[in-house]
**Q** 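One structure, as structure tokens, below. Some questions next.
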Amino acid sequence: MPSSWIEASRDFLSFLEADGEGSIHDLAERLAGLIAVAEATPLPSLDTDEEHEPDVHDEEYWGGHAVRRFPALAQLYPMPDDLYGLGAIDLAELALELEQSLVIADAGKPVLAQWEWRFGFDTHWGWAHAQPLLSYLKSL
């Protein structure tokens, strides 16, 4: 399992962009590993109100890879409280946030990048996309 958030993010995005149809089991393992790294990564303090608008792919790009790699995730899945998720959207949202943080890190702002990545896990991609999708994948 990758040890840093950067390695885990790059690994996950490479897996999503790989050729051919992917295994749901492998996706669940990668997602669980990403969540484990996120839970072990601290939210750093920021000294300034730094901002960085990264130039990244759009959600459609990542959603296209998600559907191509995991066609079964192009349909709704049940979540708690009578809600439904869409695995392709979950992967697209998650991938977009990972990519944004990596671009910030590559731009020489590693503390801001880690802050964006971990804050995003706590407030969006972790609880709204990664964890519900992982629960669904484990039920398959």
Side-chain angles (χ1 to χ4, degrees):
M1 178 172 80
S3 59
S4 78
W5 73 267
I6 291 175
E7 291 171 348
S9 297
R10 289 195 199 288
D11 181 63
F12 192 85
L13 294 180
S14 293
F15 176 72
L16 189 55
E17 289 179 305
D19 292 333
E21 191 171 321
S23 155
I24 293 292
H25 174 75
D26 290 346
L27 175 59
E29 282 186 358
R30 302 267 178 144
L31 197 51
L34 187 65
I35 291 169
V37 170
E39 290 172 343
T41 301
L43 180 67
S45 297
L46 291 178
D47 295 332
T48 63
D49 289 338
E50 275 189 274
E51 289 188 25
H52 185 88
E53 291 297 323
D55 183 22
V56 296
H57 294 98
D58 59 19
E59 193 174 315
E60 192 173 304
Y61 171 86
W62 291 112
H65 280 293
V67 169
R68 179 186 54 77
R69 290 277 286 149
F70 309 101
L73 298 184
Q75 55 190 323
L76 294 173
Y77 66 87
M79 293 174 36
D81 300 327
D82 294 325
L83 298 174
Y84 289 87
L86 186 61
I89 290 176
D90 288 329
L91 285 176
E93 291 266 342
L94 189 155
L96 185 60
E97 289 204 33
L98 299 181
E99 182 186 19
Q100 288 170 341
S101 294
L102 288 171
V103 169
I104 294 169
D106 291 344
K109 298 181 178 183
V111 175
L112 176 61
Q114 183 176 330
W115 188 91
E116 290 282 347
W117 190 85
R118 179 54 204 244
F119 185 76
F121 173 76
D122 290 341
T123 62
H124 183 234
W125 67 264
W127 70 268
H129 299 292
Q131 292 168 338
L133 180 57
L134 181 59
S135 293
Y136 172 66
L137 296 174
K138 287 181 175 182
S139 74
L140 296 178

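As a basis for the values below, the full set of heavy atoms in this structure was taken, side chains included, without hydrogen atoms, waters or symmetry mates. Residue numbers count from 1 along this sequence. Please read these numbers as outputs of a predicted model, since none were measured by experiment.
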**Q** Which class fits the ring pair Phe15 and Phe12: parallel under 30°, tilted 30 to 60°, perpendicular over 60°?
**A**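 The rings of Phe15 and Phe12 sit tilted, inter-plane angle from 30° to 60°.
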**Q** When you look at Glu93 and Trp125, which way does the side chain to side chain contact (heavy atoms under 4.5 Å, CB included) test go after all the steps?
**A** CA-CA 7 Å; Glu93 291 266 342; Trp125 67 264; 6.0 Å; no
**Q** So, the side chain of Glu29 versus the backbone of Ile24: is there a donor-acceptor pair under 3.5 Å, distance only?
**A**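 Judged by distance alone, no pair lies under 3.5 Å.
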**Q** Hey, does the side chain of Trp117 reach the backbone of Leu43 with a donor-acceptor pair shorter than 3.5 angstrom?
**A**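 Between the backbone of Leu43 and the side chain of Trp117 there is no qualifying donor-acceptor contact (under 3.5 Å).
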**Q** Could you check whether any side-chain heavy atom of Gln100 comes within less than 4.5 Å of a side-chain heavy atom of Glu97, counting everything from C-beta outward?
**A**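 They are in contact (side-chain heavy atoms under 4.5 Å apart), so the answer is yes.
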**Q** Going hydrophobic residue to hydrophobic residue with side-chain gaps under 4.5 angstrom, can you get from Leu13 over to Leu137?
**A**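 Yes, Leu13 and Leu137 fall within the same hydrophobic cluster.
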**Q** To the nearest 0.5 Å, how far apart are CG in Leu134 and CG in Leu31?
**A**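 One finds 5.0 Å between CG of Leu134 and CG of Leu31.
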**Q** Please find the pair of heavy atoms, one from Arg68 and one from Pro71, that lie closest to each other, and give the distance.
**A**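 What the structure gives for the nearest pair is O-CD, 4.0 Å.
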**Q** So, for Asp90 and Ala128, which heavy atoms are closest and what is the spacing to 0.1 Å?
**A**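 Looking at all heavy atoms of both residues, the shortest contact is OD1-O, 3.8 Å.
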**Q** Working to the nearest 0.5 angstrom, can you tell me the gap between Glu7 CD and Leu102 CG?
**A**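 One gets 11.0 Å once the value is rounded to the nearest 0.5 Å.
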**Q** For residues Leu96 and Val67: do they belong to one hydrophobic cluster (side chain heavy atoms under 4.5 Å, members Ile, Leu, Val, Met, Phe, Trp, Tyr)?
**A**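 No, because Leu96 and Val67 fall into different hydrophobic clusters, even though each may have its own neighbours under 4.5 Å.
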**Q** Ile89 and Trp127: same hydrophobic cluster, using ILVMFWY side-chain contacts below 4.5 Å?
**A**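 No; Trp127 is not reachable from Ile89 via cluster members.
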**Q** Taking Arg118 for the side chain and Pro44 for the main chain, is one N or O donor matched with an acceptor at less than 3.5 Å?
**A**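 Pair absent, no side-chain N/O of Arg118 close to backbone of Pro44.
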**Q** Could you state whether Leu98 and Leu16 fall into the same hydrophobic cluster, counting links through intermediate Ile, Leu, Val, Met, Phe, Trp or Tyr residues with side-chain heavy atoms under 4.5 angstrom apart?
**A**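 Yes, it is one cluster - the side chains of Leu98 and Leu16 are joined through contacts under 4.5 Å.
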**Q** Look at the side-chain heavy atoms of Ile, Leu, Val, Met, Phe, Trp and Tyr, link any pair under 4.5 Å apart, and say whether Leu91 and Leu140 land in one connected group.
**A**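 Leu91 clusters together with Leu140.
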**Q** State the CH2-NE2 distance between Trp62 and His57, to the nearest 0.5 angstrom.
**A**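 One gets 6.5 Å once the value is rounded to the nearest 0.5 Å.
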**Q** Test Arg30 against Leu34 for side chain to side chain contact (heavy atoms under 4.5 Å, CB included), laying out the working first.
**A** CA-CA 6 Å; Arg30 302 267 178 144; Leu34 187 65; over 6 Å; no
**Q** Would you name the heavy atoms of Pro132 and Gly126 that are closest together and state the gap between them?
**A**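 Looking at all heavy atoms of both residues, the closest pair is CD-O, 4.0 Å.
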**Q** From His25 NE2 over to Lys138 NZ, what is the distance, rounded to the nearest 0.5 angstrom?
**A**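 The distance works out to 11.0 Å.
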**Q** Keeping Arg69 on the side-chain end and Asp19 on the backbone end, is there a donor-acceptor pair under 3.5 Å?
**A**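 Yes, because the side chain of Arg69 sits within donor-acceptor range (under 3.5 Å) of the backbone of Asp19.
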**Q** Checking Phe121 against Gln131 for the side chain to side chain contact (heavy atoms under 4.5 Å, CB included) test, could you report, in this order, the C-alpha distance in whole Å, the side-chain angles of both residues, the deciding distance, and whether it holds?
**A** CA-CA 10 Å; Phe121 173 76; Gln131 292 168 338; 3.8 Å; yes
**Q** How many angstroms lie between atom OH of Tyr136 and atom CG of Leu86, to the nearest 0.5 angstrom?
**A**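 Here the interatomic distance stands at 10.0 Å.
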**Q** Please give me the minimum heavy-atom distance between Ser45 and Val111, naming the atom from each residue.
**A**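 Nearest pair, atom of Ser45 first, then Val111: O-CG1, 3.7 Å.
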**Q** For Ala113 versus Ser101, what's the shortest heavy-atom pair and its separation?
**A**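 In this case the closest contact between Ala113 and Ser101 is CB-O, 3.3 Å.
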**Q** Specify the closest pair of heavy atoms between Ala130 and Leu94, including all atoms of both residues, with the distance to one decimal.
**A**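 The pair with the smallest heavy-atom distance is CB-CD1, 3.6 Å.
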**Q** Regarding Tyr61 and Glu17, is there a side-chain donor-to-acceptor distance under 3.5 Å anywhere?
**A**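 Glu17 and Tyr61 do have a side-chain donor-acceptor pair below 3.5 Å.
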